[in-house]
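Note sheet for the following structure.
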Amino acid sequence: MLCHDSRVIDPVADLHAALTSAVVGLTGGDVPQIGLERPGNPEHGDYATSVAMRLAPLLDKPPREIAQELATIVEGFPAIASVEVAGPGFLNLRLSDDWYRGALTAMLTAGSDFGRHAPVAGVETLVEFVSANPTGDLTIGSARNAAYGDCVSRLLDFAGQTVTREYYFNDAGNQINLFGQSVRARRLGEEIPEGGYPGAEIVEVANALDLPDDAPLDDWTTQGVAVMIERIRSGLERMRVTFDLWTSEQTLHSSGAVTAAIDRARSEGHVFEQDDATWLRTTTFGDDKDRVLLKADGETTYFAADLAYIDLKFKRGATRAIYVLGADHHGYIQRLKAGAVCLGLDAEAVEVLIYQLVTVSGERMGKRRGNVIILDELTEAIGVDAARYFLVERSHDQMLDIDLDLAVETSSKNPVFYVQYAHARCQSILRKAAEEGLEVAGVGPTHVPEGPERTLVRRLAEWPDIAATAADLRAPHRIVSWVHELAADFHAFHHDLHVLHEDAGTRAFRLSTVRATGEALTRGLGLIGVNAPDRM
RNA sequence: GCGCCCGUAGCUCAGGGGAUAGAGCAAGAGACUUCUAAUCUCGAGGCCGCAGGUUCGAAUCCUGCCGGGCGCACCA
């Protein structure tokens, strides 16, 4: 596990801390990285550490000898039932009943906050995502952006950061002009212009507008954008993705922010004139080529607005600006970072997350390919829960193929049902316990035998580390994997053990485990925006 | 040509320095008098793309190659 902040309630971190104190006892201060992990092989204990091997060069002693000395110290800890030196110098730890009961009590006490980090002062993270131009409905690619960006936001929030979610939309320039012309053409029954937008949604937008046929193009454009933005917003909301801020590119121009940003970069000495255009010397800071800010015709480029927008993000108080972009935009990373430095900002505070492209049943989607799959179609076809689950099931670094035939299938092949069903089962047991008056308060003093109960509690105790690591790595798919493993452990537990046992002590521990599992599934699924139903 | 991502079981993938590399699906064999069998159990399946290097230890880190995807605008 990684060593995370100890302000989180975390039974495993407590173990880590105990081990650290033992190491300090040996070295007198120096502490190497202490790896503490759950071995795959049960013979290697509940947890194992390789710290003795890392300590060997430091103390100039054989690893097994160091492991033996550590074992003697650690053996006395109440959380530890037994210690064993194994292999080249591993320390295999077996946890005591005490630890299992304590861990379960701790997670039930923390409830939905188990694993949540206390607010970190001075960290204001701005996550800008989706940001698709309002010239059409959101495609499957934007759906991945929405799901991924939203999950990253939830993860960072859970990790104690103050998160603001922002949608930036382009409502100026050529593409938007074409959009406005397309809307008007659709309404008047004329041919859409060359390079215009042929999508069916343009017709719907056109028909929603209350404009006379001879209204100026600007009106068609402005009102068309407003309607399109609302379509996008409500679609995202149905997908449980909401934003704190909607920022228009137009306002950056009209407020003078774009001009101000160019002036600022100029005063920092990074602007130059060439071929009648105004350029930003981004190559000074690692970009492939310099970028134009003002074209020869005097128009600003999209990048000029980007520059103003970066400036705005930090002026509003963000300490970190995260961008979520598709792989086809990876070339923007250096450009954005270099742009920030040209404004006197810190490149490290600009973080660009790239997700790989999405295909549907093996085919790449494109607005000009005529085979577009829209976000709304996806959620209607397979439901919001399944859509969100599948969209973040794989690493964002990995290409994603959504097999619509498979995704539509509502069988046990579908992992989201498997996980949700585990939660429904938990609730079912808890309902029955309540109905029959079999509820018991607390974890109880019972001995916890080796078996599914211990396996399940160990899994549950991983949560704070899983959540913190997923946030650090911006990797919501780790939450998905974990939740699936938890469901599997629970199904096995449920199959092997009768929870509403006649012995009150046994019942107390098992009921507590079921409660903790139900909460963990709700919490974990919540971080990926998937519901945990009480009945199925 | 340059840059980013990927290459692990038949398929889709997990695995961010540790012991015998994991999961789902597919294919095979079993388990329902039960708090939901929408479940569980067991077996089979692998030059971790190739070659070097770092390390006590590499699927993991470094370098080079091979293969696939995506980019490289005074477009947005």
Side-chain angles (χ1 to χ4, degrees), chain A residues 2 33 35 37 39-41 43-44 48-50 53-54 56-57 62-63 86-90 92 132-133 135 170 172-176 178 195 249 274-279 288-289 291-303 305-306 326-334 352 354-357 359 364 393-401 403 406 410-415 417-418 420-422 424-433 435-436 438 469 472-473 475 477-478 480-482 484-485 487-488 490-501 510-511 514 535-536:
Chain A
L2 300 177
Q33 202 192 351
E37 57 197 40
N41 186 341
E43 285 176 22
H44 295 152
T49 178
S50 60
M53 283 170 310
R54 290 174 191 279
F90 288 101
N92 295 338
N133 289 347
T135 53
N170 167 245
N174 286 338
Q175 296 304 314
I176 286 296
L178 281 169
E249 183 195 354
Q274 187 181 304
D275 302 332
D276 296 326
T278 301
W279 299 67
D288 290 349
K289 49 192 75 169
R291 305 293 167 178
V292 172
L293 295 171
L294 293 172
K295 298 188 241 179
D297 63 9
E299 292 287 307
T300 52
T301 58
Y302 196 78
F303 181 65
D306 283 342
D328 51 341
H329 288 76
H330 78 259
Y332 282 59
I333 301 175
Q334 280 314 112
V352 184
I354 298 293
Y355 61 92
Q356 296 300 308
L357 296 183
T359 54
R364 198 186 154 188
E393 191 186 15
R394 306 299 180 209
S395 162
H396 63 280
D397 278 338
Q398 191 74 240
M399 283 196 291
L400 181 70
D401 183 57
D403 183 336
L406 182 72
T410 53
S411 73
S412 62
K413 285 182 193 172
N414 192 340
F417 290 136
Y418 181 81
Q420 288 183 317
Y421 180 53
R425 271 186 153 173
C426 288
Q427 295 310 309
S428 169
I429 293 170
L430 295 173
R431 272 195 304 273
K432 178 153 185 175
E435 281 162 17
E436 302 190 2
L438 293 171
T469 304
D472 284 350
L473 302 179
H477 73 280
R478 286 180 175 240
V480 177
S481 303
W482 183 80
H484 193 269
E485 285 167 356
F490 176 74
H491 284 308
F493 164 94
H494 179 273
H495 188 265
D496 288 357
L497 303 174
H498 193 71
V499 175
L500 303 179
H501 197 269
R510 291 181 182 173
L511 268 171
V514 172
R535 294 171 205 270
M536 290 179 75

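Chain A is the first sequence line, chain B the second, and so forth, proteins listed ahead of strands; every chain is numbered from 1.
B:U34 sits 13 Å from B:C40 when the C1' atoms are compared, rounded to a whole Å. Spacing between B:G28 and B:U33 at atom P, rounded to whole Å, works out to 25 Å. The separation of B:A38 from B:C25, taken at their P atoms, amounts to 15 Å, rounded to a whole angstrom. With C1' as the reference atom, B:G1 and B:G17 are 35 Å apart, rounded to whole Å. Between B:C74 and B:C65, the distance separating the two P atoms is 30 Å to the nearest Å. Distance noted for atom C1' between B:G16 and B:C47: 24 Å (whole Å).
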Please write out each protein N/O paired with an N/O of nucleotides 31-33 of chain B under 3.5 Å, distance rounded to 0.1 Å.
none

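Contact check, A:K295 against B:A73: no side-chain N or O comes under 4.0 Å of OP1 or OP2. A close approach under 4.0 Å does occur between a side-chain nitrogen or oxygen of A:Q398 and OP1 or OP2 of B:A14. In terms of phosphate contacts, A:Y418 brings a side-chain nitrogen or oxygen within less than 4.0 Å of OP1 or OP2 of B:C40. Within the structure, every side-chain polar atom (N or O) of A:R54 is placed at least 4.0 Å from both OP1 and OP2 of B:G18.
Checked for salt-bridge contact, A:R431 and A:E435 miss the test: no charged N lies under 4.0 Å from a carboxylate O.
Separation of atoms CD (A:Q356) and CG (A:D401) is listed at 14.0 Å; rounding is to 0.5 Å.
Heavy atoms of A:S395 sit under 4.0 angstrom from primed sugar atoms or phosphate atoms, though from no base atom. Within 4.0 Å (heavy atoms only), A:A172 reaches sugar-phosphate atoms of the nucleic acid but no base atom. Residue contacts shown for A:H491 are limited to sugar-phosphate atoms, with no base heavy atom under 4.0 Å away. Counting any heavy atom pair closer than 4.0 Å across all strands shown, A:M399 reaches sugar-phosphate atoms only and no base atom. Among the heavy atoms of the strands lying under 4.0 Å from A:L500 is at least one base atom, whether or not backbone atoms are also near. Using a 4.0 Å heavy-atom distance criterion, A:A277 is classed as a base contact. Counting non-hydrogen atoms under 4.0 angstrom, A:A424 reaches a base of the nucleic acid. Contacts of A:R425 with the nucleic acid, taken as non-hydrogen atoms under 4.0 Å apart, involve only primed sugar atoms and P, OP1 or OP2.
Side-chain proximity of A:N41 to B:C74, B:U20, B:A14: nearest is B:U20. Side-chain atoms of A:D496 lie closest to B:C40 of the nucleotides B:C40, B:A73, B:C13. Minimum atom distance to the side chain of A:D328 is reached by B:C70, of the listed B:C56, B:C70, B:A37. With B:G16, B:G69, B:U39 as the choices, the nucleotide that has an atom nearest any side-chain atom of A:R478 turns out to be B:G16.
Secondary-structure stems of RNA chain B, taken as three or more successive Watson-Crick or G-U wobble pairs (i with j, i+1 with j-1) under a 3.5 Å distance threshold, comprise B:1-7 with B:66-72, B:10-13 with B:22-25, B:28-31 with B:39-42, B:49-53 with B:61-65.
For the pair A:F90 and B:A19, the ring geometry qualifies as stacking, because the centroid separation is below 5.5 Å while the planes lie within an angle under 30°.
Put simply, CD1 on A:I429 is 12 Å from C1' on B:U39, counting in whole angstrom units. In this structure, NE2 of A:H396 is placed 11 Å from P of B:A14, rounded to the nearest angstrom. Regarding A:L400, its CG atom lies at a distance of 14 Å from the C1' atom of B:G69, rounded to whole Å.
With sequence neighbours left out, A:A132 forms a side chain to side chain contact (heavy atoms under 4.5 Å, CB included) with A:V130, A:L138, A:S142, A:Y167.
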